[in-house]
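Working notes, beginning with the structure itself.
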Amino acid sequence: MRQILGAGGCLPFARLMSALPPAQQSAQGPASLSGLAPLSSEDDWFLNELEIANFSYFWEQASPKTGMVKDRCHVGTNDQGVVASIAATGFGLTALCIGEQRGLVPSSDALERVFTALRFLWKKLPNHRGFFYHFANINTGERVWDSEVSSVDTAILLCGILTCREHFRHPEVVELADLIFNRVDWTWLSEDTSLLPHGWTPEFGFLPSRWDYYSELMMMYLLGLGSSTHPLKDETWIAWKRLTFEYDGLRYIGSFAPLFVHQYSQAWFDFRGRRDKFADYFQNSVIATDVHRRFCLELGKQYPDYSDDLWGITASDSNHGYVIWGGPPATGPIDGTVVPSAAGGSLPFQPQATLRVLKTIRSRYGAAWNKYGFVNAFNPLTNWYDSDVIGIDTGITMLMAENLRTGFVWNTFMKTPEAQRGMRRAGLNTYYRAGPVTP
């Protein structure tokens, strides 16, 4: 479970307006460059507005001195929190690539922020065998809350670093990204096990928990397999369990975990048209997302706010603190809370169903929207609205919105030799040409 505590304007209006798509679109709507079903001009406009707001978070809530991004921000005040997370920073580095290519920020400014972050990560942010502490002081890099050296959060950060290297192709960015990535000692993490530990602390050593069931772990194992300096062994990819679940006649690989486990790895790694000997993981997430929608509709008998227009539960804030919840099967004390990133992070998997939810929230629940996009969670039944935005949930929404629109993050990240090597060693081979996903 993630440790979460409070940690808090906008880009110049003219610059944001210049990035909006033109009012006149073709009758067929924007072309789909992602290989997914074409979007209507209205849907593309909506996602553009969402991405602009999300980008503002990663631009404004990152330290211009370190490049580190706040774990979370209270949007109603001048947030003075100092807690950054390496996962939010990984999403933020990817957001810089999206923002630069969409004209939300000048290339020179985006590059300067990337330089700042990579120099800090290479020279100053404390690490152990190349892995970083989960939470750090945004200004100094000092470890916060006795947090662990996190294996999966380091992986999210590395995905952002490799995306920057491939997108900007600046010699210094390339050099720093290579230094940071090649320093990561995956062989230390897997010294006596094929199931990687969640992390390590100087006080107690390796954490007892292992990445042993299907989850967001795929990105971490693939990066380790893709390393040219300290690679994982081939057998690590087949070591973790792939449990089969069935709901409403649909079968899929899953875990007793929230919906985000089907999203995070696929923000960067493009699994479309690929499979290993176990599954097509993209289609698996398509099914898992639809199953979650059906699960919420069934919950609508108990919580009448859930409907085809409004559904989605994943790990988030609640009126009673941070909760790991979702399903099926039902996990956590579900109470009718809606988590926008549940739909936002699944945009490429079920485009029309998730867009319907996000547009409903935007149009009917004004208090759920702020300058950074959606609040982390809200409960229409109790009229509770979160006051915070959380970096990783804002990040997964922004990246998946861009992947649905253009496939930009997928196309950029998958050009890296590390991603290609990892996919190849995992046996994730192309077996059909990726085409449109039926809504």
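Side-chain atoms are counted along with the backbone in the values below, which use heavy atoms only and exclude waters and symmetry mates.
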> If you take all heavy atoms of Gly199 and Glu148, which pair is closest and at what distance?
Replying inline: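 So the minimum-distance heavy-atom pair works out to CA-CG, 4.4 Å.
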Do side-chain atoms of [X] reach the backbone of [Y] as a donor and acceptor pair under 3.5 angstrom?
X      : Y      : answer
Thr89  : Val69  : yes
Asn403 : Ala267 : yes
Thr201 : Phe204 : yes
Ser151 : His198 : yes
Thr412 : Val409 : no

>> Using the rule given for ring-ring contact (aromatic ring centres under 6.0 Å, His included), can you reason through Trp268 versus Phe91, listing the C-alpha separation, both sets of side-chain angles and the distance that settles it, and then say yes or no?
In response: CA-CA 10 Å; Trp268 289 276; Phe91 278 109; 5.0 Å; yes
State, with a plain yes or no, whether a side-chain heavy atom of [X] is found less than 4.5 Å away from one of [Y].
X      : Y      : result
Thr337 : Ile313 : no
Ser227 : Val184 : no
Ser316 : Ser341 : no
Asn370 : Val375 : yes
Val152 : Glu216 : yes
Thr397 : Thr394 : no
Leu47  : Leu347 : yes
Leu223 : Leu162 : yes

> Which residue, Trp188, Phe131, Trp211, forms the ring pair (Phe, Tyr, Trp, His ring centres under 6.0 Å) with Phe206?
Replying inline: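 That would be Trp188; it is the only one of Trp188, Phe131, Trp211 passing the ring pair (Phe, Tyr, Trp, His ring centres under 6.0 Å) with Phe206.
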> Which of these, Trp59, Tyr57, Phe55, sits in a ring pair (Phe, Tyr, Trp, His ring centres under 6.0 Å) with Tyr372?
Replying inline: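 Running ring pair (Phe, Tyr, Trp, His ring centres under 6.0 Å) over Trp59, Tyr57, Phe55 with Tyr372 returns exactly one hit, Tyr57.
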>> Let's go through Phe413 and Asp270 carefully: what are the C-alpha distance in whole Å and the side-chain angles of both, what is the deciding distance for side chain to side chain contact (heavy atoms under 4.5 Å, CB included) to 0.1 Å, and is it a yes or a no?
In response: CA-CA 8 Å; Phe413 181 78; Asp270 185 1; over 6 Å; no
Tell me whether the centres of the aromatic rings in [X] and [Y] are closer together than 6.0 Å.
X      : Y      : value
Trp145 : Phe135 : yes
Phe256 : Phe245 : yes
His262 : Phe349 : no

With no hydrogens and no angle check, do the side chains of [X] and [Y] hold a donor and an acceptor under 3.5 Å apart?
X      : Y      : result
Trp384 : Asn319 : yes
Glu100 : Ser107 : yes
Asn376 : Asp393 : yes
Thr406 : Glu402 : yes
Tyr133 : His128 : no
Gln263 : Ser285 : no

>> Distance check, rounded to the nearest 0.5 Å: Arg293 atom CZ versus Ser307 atom OG?
In response: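 One gets 10.5 Å once the value is rounded to the nearest 0.5 Å.
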Taking NZ, NE, NH1 and NH2 as the nitrogens, is one of them in [X] or [Y] under 4.0 Å from a carboxylate oxygen of the other?
X      : Y      : result
Asp290 : Arg294 : yes
Lys359 : Asp309 : no
Arg274 : Asp280 : no
Arg165 : Glu418 : yes

Measure the acute angle between the ring planes of [X] and [Y], then classify it against the limits of 30° and 60° as parallel, tilted or perpendicular.
X      : Y      : result
Trp369 : Phe374 : perpendicular
Tyr247 : Phe295 : perpendicular
Phe282 : Trp410 : perpendicular
Tyr281 : Phe271 : perpendicular

> Passes ring-ring contact (aromatic ring centres under 6.0 Å, His included), Phe269 versus Tyr221? Steps please.
Replying inline: CA-CA 12 Å; Phe269 283 94; Tyr221 280 84; over 10 Å; no
>> Walk me through whether Arg143 and Glu203 qualify under salt bridge (charged side-chain N to carboxylate O under 4.0 Å, His left out).
In response: CA-CA 13 Å; Arg143 177 190 182 195; Glu203 294 85 6; 3.0 Å; yes
Non-neighbouring partners of [X] that pass salt bridge (Lys or Arg N to Asp or Glu O under 4.0 Å), sequence neighbours left out:
X      : result
Asp305 : none
Asp335 : none
Glu142 : none

> How far apart are the C-alpha atoms of Phe115 and His170, what are their side-chain angles, what is the distance that settles it, and do they pass the ring-ring contact (aromatic ring centres under 6.0 Å, His included) test?
Replying inline: CA-CA 10 Å; Phe115 289 150; His170 187 283; 4.8 Å; yes
>> Distance to the ring centre below 6.0 angstrom and angle to the axis at most 45 degrees; does that hold for Arg242 and Trp237?
In response: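 Yes, Arg242 and Trp237 form such a contact.
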>> With side chain to side chain contact (heavy atoms under 4.5 Å, CB included) as the criterion, how do Phe408 and Arg102 come out once you've worked through the C-alpha distance, each side chain's angles and the decisive distance to 0.1 Å?
In response: CA-CA 10 Å; Phe408 169 76; Arg102 283 203 168 270; over 6 Å; no
>> What verdict does the side chain to side chain contact (heavy atoms under 4.5 Å, CB included) test give for Ile361 and Phe378, after you've listed the backbone C-alpha separation in whole Å, the side-chain angles of each residue and the deciding distance to 0.1 Å?
In response: CA-CA 10 Å; Ile361 299 173; Phe378 68 103; 3.8 Å; yes
>> Walk me through whether Met219 and Tyr264 qualify under side chain to side chain contact (heavy atoms under 4.5 Å, CB included).
In response: CA-CA 8 Å; Met219 65 169 70; Tyr264 276 39; 3.7 Å; yes
>> Asp44 vs Ser41, test: side chain to side chain donor-acceptor pair (under 3.5 Å). Steps then yes/no.
In response: CA-CA 5 Å; Asp44 192 63; Ser41 56; over 6 Å; no
